[in-house]
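Each remark here refers to the structure printed beneath this line.
Atoms considered below: every heavy atom in the structure, side chains included; atoms not considered: hydrogens, waters and symmetry mates. Here is the naming used below: chain letters follow the sequence lines, and residue numbers restart at 1 for every chain.
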Number of protein chains: 2
Amino acid sequence: MRPENRPDGRTRPSFIEQARRAQIVEAAAETVAEVGYARASLARIADRAGVSKSVISYHFAGGKDELLMQMVSTFFEDTWAHMSERIDAQTTAAGRIRAWVGSQMTYFSAHRTRFLAMVAIVDGHRLPDGSRPFADGMQQELDAVTEILREGQRDGEFRAFDASGFATIIIRATEGVLGRWAEDEETDLDAQTTVLLDFIDHAIRTEAP
Amino acid sequence: MRPENRPDGRTRPSFIEQARRAQIVEAAAETVAEVGYARASLARIADRAGVSKSVISYHFAGGKDELLMQMVSTFFEDTWAHMSERIDAQTTAAGRIRAWVGSQMTYFSAHRTRFLAMVAIVDGHRLPDGSRPFADGMQQELDAVTEILREGQRDGEFRAFDASGFATIIIRATEGVLGRWAEDEETDLDAQTTVLLDFIDHAIRTEAP
DNA sequence: CGATTTTCAGGCCGCATGGCCGAAGTGTAG
DNA sequence: CTACACTTCGGCCATGCGGCCTGAAAATCG
């Protein structure tokens, strides 16, 4: 049986516990990225991690669902840590938009597997009731970008447009370019980032007099 | 046993055959749109269609794979028939880009279920060997848009940019806006289409002198 | 009408899945 | 060394899956 000391906050997670969880999460990501969400079974994940299925059940009492949710949460926090640092360093709205898009690109350029896994799970995973557990997070992302665009409009950096609609477009286009690169190794992501930033810049900036 | 007269081209598909195939395809689309690709089993599809599982096996000898491929093919042909008519009516590259984006929007605005189903299958379905069967179609779409953008650049309608990269952005942004609408019924798709066309227009048109 | 073909329902099979259990292995504190 | 908690393994289970078969119903046709 699994020790039940965590809910009391008594004992910290043991070293081996942290290591195993990280190892399993990584194996799960690789599996999902390679065979897709639908074919990513516990058996395949365990096999890739080099452990037995029971080890996953043991360390993730919530089963497959907890594993996948944990994986997305972990990867998202890493991604956001990378992004927010670069976004906050900017002093203009235009800079923050460029940093948002660019830092997302640079992060995932070093973590292609994580990108593929996150996308596959975010739009493939459903809770038992059929709902999609990551809708909230996507809404928050949208709201944040919308707010930056509104700031830029107030400061005269950007022209008049529907900020919420443009936020959707920018976010989806960014994910789209990443997706294209993730599927086709030939793509030069740095070059495509420049192209996307050029596209966005011309779409949102105040028009030349 | 199923009659084997089709390969010779002898007998045309019976009326009931056509009707059943259409009915099953529609039920499959509704099921996939509602519960997602991973949970869309033959049992659920048959149940929604109000028939037994065997009926699907009977009319789609290739099994689930043939059913899903058939569904995407059918829906894609419908979509493209709607789009190409409107695109070909345009005389300028800018018009064709607007028609591409706009007609895709108007088509799916009347076929939300089909959009959800197509997206779910296109990026969820894998062949037994693990490959993704719709990569070719997406590449063709990309090439076609790229060619329109290059025409516009030759004619001076568009400024200088990476046509292939911009094509990716335009296609993904369009799908993204559709996806946002498909998930959130509140969205006014007509308004968002206008917003997207405005975004694209500012990004690609020749700069004011 | 009867004969023949087409269409269908229900049951069944083999398989993979997610999850669980008991026994064994491993480390550690006293 | 011993006692004990933590970790792992292999095997097992119920469930749902896609696919198939059999026999009956329904349509078609001479």
For this session: On the 0 to 90° scale, with breaks at 30° and 60°, tag the B:Phe108-B:Phe115 ring pair as parallel, tilted or perpendicular.
Result: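 Answer is perpendicular, since the angle exceeds 60°.
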For this session: Would you please say whether a donor-acceptor pair under 3.5 Å links the side chains of A:Ser73 and A:Glu77?
Result: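 No pair is found: no donor N or O on one side chain lies under 3.5 Å from an acceptor on the other.
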To the nearest Å, give me how far apart [atom1] ([X]) and [atom2] ([N]) are.
X	N	atom1	atom2	value
B:Phe60	D:dG18	CZ	C1'	15 Å
B:Ile45	D:dG19	CD1	P	11 Å
A:Gln18	D:dT7	CD	C1'	16 Å
B:His125	D:dG18	NE2	P	12 Å
B:Leu42	C:dC13	CG	P	19 Å
A:Tyr58	C:dG19	OH	P	17 Å
B:Ile56	C:dG10	CD1	P	14 Å
A:Leu67	C:dG19	CG	P	10 Å

Exercise. Can you check whether B:His59's main-chain N or O pairs, donor with acceptor, with B:Arg21's side chain at less than 3.5 Å?
Worked result: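 Here the side-chain-to-backbone pair exists.
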Check the phosphate of [N] against [X], side-chain N and O only, distance under 4.0 Å to OP1 or OP2. Yes or no?
X	N	answer
A:His59	D:dC6	no
A:Arg39	C:dA16	no
A:Arg20	D:dT8	yes
A:Ser41	C:dT17	yes

Problem set entry | Residue pair B:Arg96 / B:Asp88, side-chain heavy-atom distance below 4.5 Å |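 No, every pair of side-chain atoms sits at 4.5 Å or beyond.
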Exercise. Can you find a donor-acceptor pair, distance only, under 3.5 Å between A:Ser54 side chain and D:dG10 base?
Worked result: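 In this structure, the two groups form a donor-acceptor pair.
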Exercise. Between the base of D:dG19 and the side chain of B:Lys53, is there any donor-acceptor pair under 3.5 Å?
Worked result: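 By the distance-only test, yes, there is a pair.
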For this session: Test side chain to side chain contact (heavy atoms under 4.5 Å, CB included) on B:Gln104 and B:His82 and set out the steps.
Result: CA-CA 8 Å; B:Gln104 192 167 349; B:His82 177 97; over 6 Å; no
For this session: Output the single nucleotide from D:dC20, D:dG18, C:dG19 whose closest atom is nearest the side chain of B:Lys64.
Result: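 Ranking D:dC20, D:dG18, C:dG19 by closest atom to the B:Lys64 side chain puts D:dG18 first.
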